[in-house]
Q: 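Shown below is the structure under consideration.
Because only heavy atoms are used, hydrogens play no part in the values below, and waters and symmetry mates are left out as well, while side chains stay in.
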Amino acid sequence: MNLKQVSEDFEKNGLAVVKGFASAEECEAMRDEMKKICEGLKADEIHCFETESANNDYFMNSGDKIRFFFDPAAFDDQKNLKSTAFTSLNKVGHALHTHPGVFHEIVTAPKTKEVLRAINLKKVCVPQSMFIFKQAKFGSAVPPHQDSTFLHTSPTQTVVGLWLALEDATEDNGCLWFIPGSHKPYKNESKREKLDHAFMNRVPTSDGSVRTEYRLGTSKEYYESCDFTWIPAQVKKGDLVLIHDMVHHKSLPNHSNKSRNIYAWHLFESSEATWDSDNWLQYPEGKSFMEFSTE
């Protein structure tokens, strides 16, 4: 691993690739484990991700659980799945890393800590992890966004996304696209009071439940102004992508015959920041995020 180059790319571009981070065997072990998890899926856990409101309890209370969100195109006119769960899901989240096994092991592996040290992370908390399927022929697009819109820390933003390709990710099957250097103007400052920036947070309701509020700001105008500045981040199976929480990124639909499975998790530097209490993702009282030193 050329971690000096990774560190430089991350600082300059807001996105960096650790080539050959995971072996083919590790990638297949994660895909096999997800197939086993899908076999235990119950009928009442079939939820459509696109229509799954962020104000729905199944989603809002998924932080410390393993829950299933299906791609809208996976259903027929009678709202039945057309295929198996593994070939129909949009994503599974958000606590895969908290269970013993391959998903936990890759998050806490010595080589992962080595990468985190290269980008100056010393002690980290891991709030969430996801298996994202990007199914062949109908995998949904992910709109342009910054992770800091949805995951925020104080007093500064210290969130980093790790995105492990379990299959080749190409322009054909929906690889990541990003705007190099787009993280730089933000200086890791909170977006909470910057009303022109997109921001989502959790708010209580009068009946004791919670919902989310989403502020679009001027995001639409911003993305319309930078249509020609996106570049693809095509990666090979086993490559690890590091994503700064302020860099603008997206992915396009998958119309190819090949899926684009990935395992992703988010963490933050917990020696310098804390998880905001109005993040949409919260653990129940008495439970804490996974935390570890990168040494």
Side-chain angles (χ1 to χ4, degrees), residues 21-52 54 56-75 79-109 112 126-140 142 151 161-169 173-174 237-241 251 254 258-267 280-284 287-290 292:
F21 174 81
S23 68
E25 292 75 18
E26 287 175 309
C27 293
E28 287 308 307
M30 281 180 260
R31 296 183 75 240
D32 288 343
E33 180 62 21
M34 181 50 62
K35 289 174 183 176
K36 292 177 185 176
I37 291 171
C38 289
E39 289 172 0
L41 181 66
K42 299 175 183 177
D44 62 356
E45 292 185 288
I46 297 179
H47 291 252
C48 180
F49 183 65
E50 184 178 78
T51 57
E52 189 70 38
N56 181 288
D57 285 346
Y58 185 80
F59 178 83
M60 290 294 290
N61 296 326
S62 64
D64 65 326
K65 300 174 181 66
I66 295 177
R67 289 192 165 172
F68 305 85
F69 303 94
F70 285 83
D71 202 286
F75 299 90
K79 297 185 179 180
N80 297 313
L81 288 178
K82 300 176 186 177
S83 185
T84 65
F86 187 80
T87 56
S88 302
L89 280 155
N90 178 292
K91 74 171 184 175
V92 171
H94 292 93
L96 292 164
H97 63 290
T98 66
H99 295 256
V102 290
F103 297 118
H104 172 89
E105 289 165 5
I106 200 71
V107 170
T108 58
T112 304
V126 187
Q128 70 168 7
S129 58
M130 301 170 285
F131 191 107
I132 301 175
F133 293 79
K134 189 71 88 166
Q135 302 290 359
K137 297 183 180 179
F138 63 82
S140 298
V142 176
L151 309 172
L162 292 91
W163 193 101
L164 177 61
L166 305 182
E167 300 177 289
D168 291 352
N173 71 352
K237 177 177 182 175
D239 290 349
L240 178 68
V241 184
S251 67
N254 182 7
K258 295 181 179 180
S259 59
R260 192 225 64 188
N261 292 174
I262 66 110
Y263 177 53
W265 63 101
H266 288 92
L267 49 79
W280 79 263
L281 187 149
Q282 300 291 338
Y283 277 12
K287 294 187 75 171
S288 301
F289 295 146
M290 173 192 289
F292 57 86

Q: Checking Val107 against Val126 for the side chain to side chain contact (heavy atoms under 4.5 Å, CB included) test, could you report, in this order, the C-alpha distance in whole Å, the side-chain angles of both residues, the deciding distance, and whether it holds?
A: CA-CA 9 Å; Val107 170; Val126 187; 4.1 Å; yes
Q: So His97 and Met290, side chain to side chain contact (heavy atoms under 4.5 Å, CB included) or not? Walk me through it.
A: CA-CA 9 Å; His97 63 290; Met290 173 192 289; 3.8 Å; yes
Q: Just to verify, what does Glu33 make a salt bridge (charged side-chain N to carboxylate O under 4.0 Å, His left out) with, not counting sequence neighbours?
A: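 If we apply the salt bridge (charged side-chain N to carboxylate O under 4.0 Å, His left out) test to Glu33, skipping adjacent residues, there are no hits.
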Q: Which residues satisfy the ring pair (Phe, Tyr, Trp, His ring centres under 6.0 Å) test with Phe86, sequence neighbours excluded?
A: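 Scan of Phe86 (ring pair (Phe, Tyr, Trp, His ring centres under 6.0 Å), adjacent residues dropped) gives Phe133.
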Q: Both conditions, 6.0 Å and 45 degrees, for the charged tip of Arg67 above the ring of Phe59: are they met here?
A: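 No, Arg67 and Phe59 do not form such a contact.
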Q: Using every non-hydrogen atom in the two residues, find where Ser88 and Ala74 come nearest and quote the distance to one decimal.
A: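 For Ser88 versus Ala74, the nearest heavy atoms are O-CB, 3.4 Å.
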Q: Shortest non-hydrogen contact from Leu89 to Cys38?
A: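 The answer is CD1-SG, 3.5 Å.
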Q: Do Glu105 and Phe103 have side chains that approach each other closer than 4.5 Å (heavy atoms only, starting at C-beta)?
A: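 They are not in contact (no side-chain heavy atoms under 4.5 Å apart), so the answer is no.
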Q: Give me the atom names and distance for the closest heavy-atom approach of Leu164 to Asp239.
A: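 Closest approach of Leu164 to Asp239, heavy atoms only: CD1-O, 3.5 Å.
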Q: Closest heavy-atom contact between Leu267 and Leu162?
A: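 The answer is CD2-CD1, 3.6 Å.
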Q: What's the verdict on side chain to side chain donor-acceptor pair (under 3.5 Å) for Asn261 and Arg31, showing C-alpha distance, side-chain angles and the deciding distance?
A: CA-CA 8 Å; Asn261 292 174; Arg31 296 183 75 240; 2.9 Å; yes
Q: Would you give the length of the straight line joining atom CZ of Phe131 to atom NZ of Lys35, rounded to the nearest 0.5 angstrom?
A: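 One finds 8.5 Å between CZ of Phe131 and NZ of Lys35.
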Q: Might you work through the side chain to side chain contact (heavy atoms under 4.5 Å, CB included) test for Phe70 and Leu81, ending with a clear yes or no?
A: CA-CA 9 Å; Phe70 285 83; Leu81 288 178; 3.6 Å; yes
Q: Going by side chain to side chain donor-acceptor pair (under 3.5 Å), name the residues that satisfy it together with Thr108, two or more places apart in sequence or in a different chain.
A: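 So Thr108 forms no side chain to side chain donor-acceptor pair (under 3.5 Å) with any residue.
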Q: If every non-hydrogen atom of Gln128 is compared with every non-hydrogen atom of His266, which pair is closest and at what distance?
A: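 Reported closest heavy-atom pair: NE2-ND1, 2.9 Å.
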Q: Do the non-hydrogen side-chain atoms of Asn254 and Gln135 ever get within less than 4.5 Å of each other?
A: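 The answer is no, as the side chains (C-beta and beyond) never meet within the 4.5 Å cut-off.
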Q: Looking at NZ of Lys91 and CE of Met130, how far apart are the two atoms once the value is rounded to the nearest 0.5 Å?
A: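 Going from the NZ atom of Lys91 to the CE atom of Met130 covers 5.0 Å.
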Q: Please work out whether the ring planes of Trp280 and His94 are parallel, tilted or perpendicular, with thresholds of 30° and 60°.
A: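 Correct class here is perpendicular.
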Q: List the residues meeting ring pair (Phe, Tyr, Trp, His ring centres under 6.0 Å) with Trp265, not counting sequence neighbours, and say none if there are none.
A: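 Testing Trp265 for ring pair (Phe, Tyr, Trp, His ring centres under 6.0 Å), a comparison that skips the adjacent residues, returns Tyr263.
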Q: Evaluate the side chain to side chain contact (heavy atoms under 4.5 Å, CB included) criterion for residues Leu96 and Ile37: first the C-alpha distance (whole Å), next the side-chain angles of each, then the deciding distance (0.1 Å), finally the verdict.
A: CA-CA 10 Å; Leu96 292 164; Ile37 291 171; 3.9 Å; yes
Q: CD1 of Ile262 to CD1 of Ile132: how many Å apart, nearest 0.5 Å?
A: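 Reported value, rounded in 0.5 Å steps: 4.0 Å.
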Q: Taking only residues two or more places apart in sequence, or in another chain, which ones meet Asp64 in a salt bridge (charged side-chain N to carboxylate O under 4.0 Å, His left out)?
A: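 Partners of Asp64 under the salt bridge (charged side-chain N to carboxylate O under 4.0 Å, His left out) test: Lys287.
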Q: Compare every heavy atom of Ser288 with every heavy atom of Tyr283, then report the nearest pair and how far apart it is.
A: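 Smallest interatomic distance, heavy atoms only, reads CE2-O, 3.4 Å.
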Q: Could I get the full list of salt bridge (charged side-chain N to carboxylate O under 4.0 Å, His left out) partners for Lys237, not counting sequence neighbours?
A: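 Listed in chain order: Glu28.
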Q: Apply the test side chain to side chain donor-acceptor pair (under 3.5 Å) to residues Ser251 and Lys134: give CA-CA distance (whole Å), side-chain angles for both, the deciding distance (0.1 Å), then the verdict.
A: CA-CA 10 Å; Ser251 67; Lys134 189 71 88 166; 2.8 Å; yes
Q: Using modelled atom types only, decide if a donor and an acceptor are shared between the side chain of Tyr58 and the backbone of Phe68 within a distance under 3.5 Å.
A: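 Looks like yes, one N/O pair under 3.5 Å.
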Q: Looking at Asn90 and Phe69, would you say the former's side chain and the latter's main chain have a donor-acceptor pair under 3.5 Å?
A: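 Not at all, since once roles are kept as given, no pair shorter than 3.5 Å links the two residues.
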Q: Is there a donor-acceptor pair under 3.5 Å between the side chain of Asn173 and the backbone N or O of Ser259?
A: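 Yes, because the side chain of Asn173 sits within donor-acceptor range (under 3.5 Å) of the backbone of Ser259.
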Q: Does atom NZ (Lys65) have a neighbourhood of more than 12 heavy atoms from anything else shown, all under 6.0 Å?
A: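 Buried by this count: over 12 neighbours within 6.0 Å.
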